[in-house]
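Notes for the one structure printed next.
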Amino acid sequence: MDVTWKDLSVSVSNGRVLLESMCGYAQSGQITAIMGPSGSGKSTLLDALAGRLAKNARREGSIFVNGNLQTNMRHGTAPYVKQEDVLLGTLTVLETITYSAQLRLPHSLPQSQKMEMVESVITEMGLGDCKYTVVGGWFSRGLSGGEKRRVSIALEILTQPSLLFMDEPTSGLDSASAFYVIKTIKNLATSKRTVIMSIHQPSSEVFEQFDNLCLLSQGALIYFGDAMEASTFFECAGFPCPLRRNPSDHYLRVINSDFDNVQNKFKVFIYIETEEIIPSSEAIKALTNAFQNLHLSSLHTKVDILCVTKVNLLNSLCDTPGVLHQLSTLTRRSFLNMTRDIGYYWLRIFVYFMLSIVIGSIYFNVGTKYNSIAARIGCMAFIGKFLTFMSIGGFPSFIEEIKVFNHEKQNGYYGPIMFTLANTLSSIPYLLLISLISTSVFYNMVKLHPGFDHFIFFVLNLFASVTVVESLMMCVASIVPNFLMGIITGSGILGLFMLVDGFFKLANELPKGFWKYPMHYIAFQTYLLQGLYENDFQGLEFDNNDISEGKLSGTTILKQYQVDLSRSKWLNFIILLSMILVYRAIFITIIKLTQLIDGKTLMFRTSKKINA
Ligand SMILES: Nc1ncnc2c1ncn2[C@@H]1O[C@H](COP(=O)(O)OP(=O)(O)OP(=O)(O)O)[C@@H](O)[C@H]1O
C-alpha cells in the first residue's frame with residue numbers, strides 16, 4: 001500500500017494546533033520513520049494516518065491510500081503496534097501468539113503451517129527462551145518490558161500485513177534487540193509491505209534500516225525525504241553532524257528547543273562550523289527555511305504524483321478466518337484467562353463459600369415459626385442483594401480483558417458481538433459454579449423450602465442474577481473503561497436498584513413517580529427477590545403470632561410482602577434471563593455506536609474541509 005498525506009493538520013478542541021500542514025508519503029517496500037523530540041507530534045501524526053485520533057482532536061487535510069482519498073480511514077484498516085503493550089497477563093508468549101494466529105490467519109491454512117509461522121515469529125523476535133513464560137501482571141512477575149514489547153510486535157507482524165503502523169516499537173529494548181527487531185521489520189517491508197513507525201532514538205545501525213525520514217519539531221515538518229540524505233541536508237543548512245556522533249542523536253539535539261534555557265548554561269552544543277552556540281529555536285528556523293528552499297517543491301511533486309497513482313492491492317494474509325473458528329478460539333482464550341486469573345472467579349468462589357457458611361450458621365435451621373418469616377425474608381434479601389453485588393469483584397480482571405478486546409477491535413480482528421458471545425460462553429461454567437457451591441452450603445444449613453426442584457430454582461435464580469450484574473458491569477466498562485471509576489459507578493447503580501426492589505420499602509409504598517415507575521421494574525433484584533420469595537413461601541405454612549389463630553399460609557405472607565403473584569417464579573426467572581440479553585445487547589450497541597460516531601465525525605470533518 002502507498003500512503004500519502006497532504007496539508008495534514010491536527011488541532012484539539014482548545015484550539016491548540018498539534019500538527020501543521022504535514023506532507024509526506026510511505027511507499028510499499030519501505031520503512032518510513034517519524035522522528036522528533038518528545039511531544040513533537042510523532043504519535044499524533046501516526047494516529048492521524050491510522051484514523052485513531054482522540055475524540056477531542058480534529059483532522060484537516062487529505063490522506064490517500066493507493067491513490068484513493070480516504071475520507072474515513074478508520075481503526076482496523078491496518079494493524080497498529082501501540083506504545084503501551086496490551087496483553088493478557090495470564091497467557092504465555094507461545095499461547096498469546098498462537099491464539100492470535102488462530103484468530104487472524106485464514107482458516108484454510110493448515111494448522112501445521114500456522115504453528116510454523118508462530119514459531120518463526122517467536123524466533124525472529126528473539127523470544128525463544130521465554131516462550132513458555134507468562135506475560136505477567138499484578139499476580140505474578142512475568143516478561144520484562146522489552147520482551148513484552150517484542151511480543152506486541154510479533155503479534156502484528158505475524159500476518160504480514162500490507163500496511164503496518166508502529167508507535168515507538170523499540171522503546172524499552174536494548175540496542176541489540178532494537179537492531180534485530182527493526183531488521184525483521186525491514187525484511188517484512190522489503191517483501192512489498194509498507195511500514196510507518198515513530199521512533200525515539202535509534203542507534204546508527206537502526207537508522208540505516210530506514211528508507212524515509214520524517215523529522216518533526218513542535219508539530220512542524222523539519223525534513224521529509226531519504227533517511228540517508230538527511231545528513232547532507234543538515235550539513236547544507238549549516239548543522240553538520242560531528243564526527244563519531246550518531247546522526248539521529250545529532251538531528252534530535254539540534255531540533256529540540258525544550259532545553260534552550262539550560263543549554264547555554266552548560267555550553268554543550270556547538271552546532272555550526274564557526275563554533276558559535278545558537279539556541280535550538282533559531283536552528284529550527286534555519287532548518288525550516290533550508291527545507292522550504294531545497295526540498296519542499298520536490299516533496300510536493302512526489303506527493304502529487306503518488307496521490308493520483310492507483311496501485312493494486314497486495315494480498316496479505318489478513319483474510320479473516322471462519323466466524324465459528326474465531327468464536328471457539330476467543331472462548332477458549334477467555335476461559336483459560338478466567339481459569340488462571342485468581343481475581344476473576346476463584347477468589348470470589350472462595351469468598352462466596354465462606355459467606356455462605358456464615359449465612360448458614362446465622363440462619364441455621366430457620367424453621368416455620370412466626371419469627372422465621374422475617375428471618376427467611378432477611379436471609380433471602382441478603383443473598384439477593386449482597387451476594388449478587390459481590391459480582392462486581394471481577395471487574396478489574398474484566399477491564400484487563402476489555403483492554404485487549406479494544407486493541408484487537410481497533411486492529412479489526414473481530415467485533416463486539418464475537419467478544420460478548422465468547423465472554424458469555426466462557427463465564428457460564430464459573431457463574432454456575434459460584435451459584436451451585438454457595439446455594440449447596442447455605443440452602444442445606446438454613447433448610448429453606450425442601451425439595452430438589454426448589455433447590456435447583458434457587459441455584460438458577462442466583463446464577464441468572466450474578467450474570468445480570470456481570471452484564472451490567474460490561475455496559476459500565478464500555479462507558480467508563482477505568483476500573484476504579486467503573487466500580488464506583490457500578491456500585492452506585494446496584495445501590496440504587498437495591499433501594500427500589502421492594503425490600504427496604506414495600507413495592508406499593510414506593511413513590512409512584514420514577515421510583516416505582518420505572519425504577520422498581522428496571523431493578524433486577526425485584527424479580528430475583530420475588531422469585532426467591534415465591535420459591536420459598538409458596539406451599540409452606542407458618543405459625544401465626546397467636547398460635548390459636550391457626551396457621552399462616554405462604555401465599556398470605558407473600559401478599560403481605562406485596563409480592564406480585566400474577567408473575568410466577570419462573571416468569572421472574574425468565575425476566576432475569578432477558579435482562580442478561582438486554583444488557584449484553586446494550587454493551588454491543590454502545591461499542592458499535594462509538595465506532596459509528598467516531599467514523600462519522602471524522603468523515604464529516606474531512607468532507608467539510610474538502611468542500612471548503
Ligand atoms: N488528544 C489530545 N489533546 C490535547 N493535547 C494532545 C492530544 N494528543 C496529543 N496532545 C499534545 O500534543 C503534543 C504531541 O503529542 P504526541 O503524543 O504526538 O507527541 P510525541 O512526539 O509522540 O511524544 P512522545 O515521544 O513523548 O510520545 C503533546 O504536547 C501532547 O500533549
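Remember, it's 1-based here, ligands and their atoms both numbered in the order they're listed. Note that the structure is predicted; figures quoted are calculated from it, not measured.
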message: Can you tell me which portion of Asn56 lies within the under-4.0 Å heavy-atom range of ligand 1? Options are side chain, backbone, both, or neither.
response: side chain

- request: Output the list of atoms in ligand 1 that are nearer than 4.0 Å to some heavy atom of Gln83, sorted by atom number.
  value: 27 (O)

Ligand 1 contact on Ala54 by region, counting heavy-atom pairs under 4.0 Å: side chain

Option from Leu18, Leu53, Asp47, Leu19 for which side chain to side chain contact (heavy atoms under 4.5 Å, CB included) with Arg59 holds: Leu53

query: Can Ser40 be said to touch ligand 1, with heavy atoms closer than 4.0 Å?
result: yes

field: Cation over ring face, Lys302 and Tyr25, 6.0 Å, 45°
entry: yes

- request: Please work out whether any backbone atom (N, CA, C, O) or any side-chain heavy atom from C-beta onward of Val12 is under 4.0 Å from ligand 1, and answer side chain, backbone, both or neither.
  value: side chain

message: Can you tell me if Gly41 contacts ligand 1 (heavy atom of the residue under 4.0 Å from the ligand)?
response: yes

message: Check this for me, if you would: do Lys285 and Glu282 make a salt bridge, where the nitrogen-to-carboxylate-oxygen distance has to be below 4.0 angstrom?
response: no

message: Tell me the nearest of Ser171, Ser43, Ser11, Ser217 to atom 17 (O) of ligand 1, using heavy-atom distances.
response: Ser43

- prompt: Aromatic rings Phe398 and Phe395: how do their planes relate, parallel, tilted or perpendicular, breaks at 30° and 60°?
  reply: tilted

message: If I compare all heavy atoms of Leu45 with all of Cys214, which pair ends up nearest, and what's the gap?
response: CD2-SG, 3.9 Å

task: Consider ligand 1: state whether an atom of it lies below 4.0 angstrom from any non-hydrogen atom of Ala57.
output: no

statement: Which of Ser217, Pro202, Ser198 passes side chain to side chain contact (heavy atoms under 4.5 Å, CB included) with Met35? It is Pro202

- request: Taking the side chain as every heavy atom from C-beta outward, state whether Arg193 and Ile157 have any atom pair closer than 4.5 Å.
  value: no

query: Within less than 4.0 angstrom of ligand 1, does Arg16 place any heavy atom?
result: yes

task: With heavy atoms under 4.0 Å as the rule, classify the contact between Pro37 and ligand 1 as side chain, backbone, both or neither.
output: backbone

